[in-house]
Number of protein chains: 2
Amino acid sequence: MQDNSAVDQLNARARTIESVHAAAAYEVAADNIRRAIALGRFLPGDKLPPERELSEQMQVSRTTIREAVRVLEGEGLITVKRGALGGLVVMRPPSLGSAEMGAYLRTQLRLIYEILDFRTANECFAARLACGRRTQSHLDCLAELLGTMSGLCAQKAKREDVSNISQFLAADAEFHLTIAHAAGNKLIGKAVGDAHAAMFMPIGRVFKRLEDRANAHHETIYAAIRDQDADRAEKEMSLHIAATRKSLRNLLPPNAELSND
Amino acid sequence: MQDNSAVDQLNARARTIESVHAAAAYEVAADNIRRAIALGRFLPGDKLPPERELSEQMQVSRTTIREAVRVLEGEGLITVKRGALGGLVVMRPPSLGSAEMGAYLRTQLRLIYEILDFRTANECFAARLACGRRTQSHLDCLAELLGTMSGLCAQKAKREDVSNISQFLAADAEFHLTIAHAAGNKLIGKAVGDAHAAMFMPIGRVFKRLEDRANAHHETIYAAIRDQDADRAEKEMSLHIAATRKSLRNLLPPNAELSND
DNA sequence: CTTATTGGTATGAAACATATACCAATAGCT
DNA sequence: AGCTATTGGTATATGTTTCATACCAATAAG
């Protein structure tokens, strides 16, 4: 590895070792809780398990849990109520006017596009792998989620109900995660989970209604995996994520295109 | 989210929050150093920067660096010599007989195949993206690495020299990382780095000679990216990783096929 | 108005990390 | 031989984080 080469000029990375960012336990705890909420495991209005239980589940002292709770409270993600029937309650994200929403989305555009590309890479391949490895229980699980989702976007009224939208997004995340799980690859599974959790922050609070065809792609993806048609599964997944990208773009103010994509 | 559904049966994950694994600073430091070695930024026989310098670079106290050094020393990854011209020296991995090697590889097969699938997902897409985003400096960097690699596997004698093999693997990792970098997506870049680093532990110590065509795929990938032919870039990358898989399989004892792939 | 549930507070011990200073081995130079 | 520069090894005092435990305070149900 000689010096002054194109390699070294391009990458400042030669012979450099990344600096240490040791996450404190309470930060990791906050991340994990945030992730569970982002994936829709806990919906707005739901209560998290009580602190003492979280402490056990997460293998960390209650003190640490409480520090994490302070963080999430500060972010406006949960509220804390004392007393019996109190607890840690997941908040509903503030509903933004469509102008604010567009402006907000715009600041996040580059990140969102990166996440969508990352999802495309991993989820298309996951769909492909899943064709060869899915079991009947995977199919059952996917079918059930399809049912749930179609119920949630069946009528126009429901498609504009914030609570239904949250439930739909949760089932959607679970659907994609189940495919990644069926692919039987932990690295890809983790990547898909990370990507979905990362998307929630920018977009989870942004959809004000579901499209009536929101579930159509899921049906075709499911059919392809059921029929073990890997090429089709990959293709449909790719189209699905492209459609997600498009519907996000439609929420943007018209002048808001970046140099991306 | 009702109970007893197929979803909940399949995934123990509903309403469960991951437990906290807070890495201590010295573990993170050890990881970062290990990763740099795995990516070939430091080759066997090279010295790491002195402890005091690592301490500065990595933004952590010397005490912490020393704990990390103890870990890596214990793993046999580095040796420590005192005195002037002493320091932290990267060790050459023990050379295994081909029987031991096969047995070792076999225990790691499942992991290796997972990593290769993860690489396929991310690197094929990275190659595709890179076609649209690569700059001239990316191409220069890739070309230089091609030159380095072809020099390192030009003659039969060189292809069996352990030192050349290490250098080749380092350039190889850098080549793939540069493509990921050219793709301009941090998530994919990190995934590619993680995957390459994770592969090194099992296989870095396993190649005893380079094939004379070891660099052929790299040339075609480079050409496709240079010509901005996304389909070809993706296809060639896919073939390249498949070839890697195949040459690893050839190192296995004949009876060692798992249920994978 | 008692009881069960849940968050809030306090405290001391253990582990971890830092900063600083100094010791010890080693190679090269005079 | 001995000085010097470099580098790892050791010691210590301090501050922060995390933990385990115990107890306090608010709240709703019976």
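In what follows, chains carry the letters A, B, and so on, assigned in the order in which the sequence lines appear, proteins first and then strands, with residues in each chain numbered from 1.
Taking atom NZ of Lys47(B) as the reference point, atom C1' of dT6(D) lies 9 Å away to the nearest angstrom. Atom-to-atom, OH of Tyr26(A) to P of dT18(D) comes out at 7 Å; the value is rounded to the nearest Å. Atoms CZ (Arg52(B)) and P (dT18(C)) sit 16 Å apart, rounded to a whole Å. Across the protein-nucleic acid pair, Leu88(B) atom CG and dT7(D) atom P stand 10 Å apart, rounded to whole Å. Atom pair Lys81(A):NZ and dT5(C):P shows a separation of 18 Å (rounding to whole Å applied). The CD atom of Glu27(B) sits 8 Å away from the P atom of dA17(C) (whole-angstrom rounding). Atom pair Leu72(B):CG and dG8(D):C1' shows a separation of 15 Å (rounding to whole Å applied). For Ile65(A) and dC19(D), the CD1 to P distance is 9 Å, given to the nearest whole Å.
For CZ of Arg62(A), the number of neighbouring non-hydrogen atoms (other residues, nucleotides, ligands) closer than 6.0 Å is greater than 12.
With distances taken from any side-chain atom of Ser61(B) to the nucleotides dG8(C), dA17(C), dG8(D), the minimum falls on dA17(C). Considering only side-chain atoms of Arg82(A), the nucleotide from dG8(D), dA27(C), dA26(D) that sits closest is dA26(D). The Arg62(B) side chain lies nearest to dG8(D) when the options are dA28(D), dG8(D), dG7(C). Here the nucleotide nearest the side chain of Ala84(A), chosen from dG7(C), dT6(D), dT27(D), is dT27(D). For Glu67(A), counting side-chain heavy atoms from C-beta on, the closest listed nucleotide (dA17(C), dG8(D), dT18(D)) is dT18(D). When each of dA17(C), dG8(D), dA25(D) is scored by its nearest atom to the side-chain atoms of Thr64(B), the top-ranked nucleotide is dA17(C). Here the side chain of Ala24(A) is nearest to one of dT7(D), dT18(C), dT17(D), namely dT17(D).
Electrostatic pairing of Glu73(A) and Arg70(A) counts as a salt bridge here, judged by a charged N lying under 4.0 Å from a carboxylate O. A salt bridge is defined here as a Lys NZ or Arg NE, NH1 or NH2 lying under 4.0 Å from an Asp or Glu carboxylate O, and Asp31(A) with Arg35(A) fails to meet this definition. A salt bridge links Asp46(A) to Arg15(B): one of the charged nitrogens lies within less than 4.0 Å of a carboxylate oxygen. With salt bridges taken as basic N to acidic carboxylate O contacts below 4.0 Å, none links Arg52(B) and Glu56(B).
At the heavy-atom level, Val60(B) lies under 4.0 Å from the strands shown only through sugar-phosphate atoms.
Each of Ala25(A) and Pro50(B) has a nearest nucleotide on DNA chain D; the 5'-most of these lies closest to Pro50(B). Heavy-atom nearest nucleotides on DNA chain C were determined for Ala22(A) and for Gly87(A), and the one closer to the 5' end corresponds to Gly87(A). Residue order along DNA chain C, read from the 5' end via each residue's closest nucleotide, puts Leu85(A) first among Leu85(A) and Thr63(A).
Between Arg66(B) and dA17(C) there is no side-chain polar atom (N or O) within less than 4.0 angstrom of OP1 or OP2.
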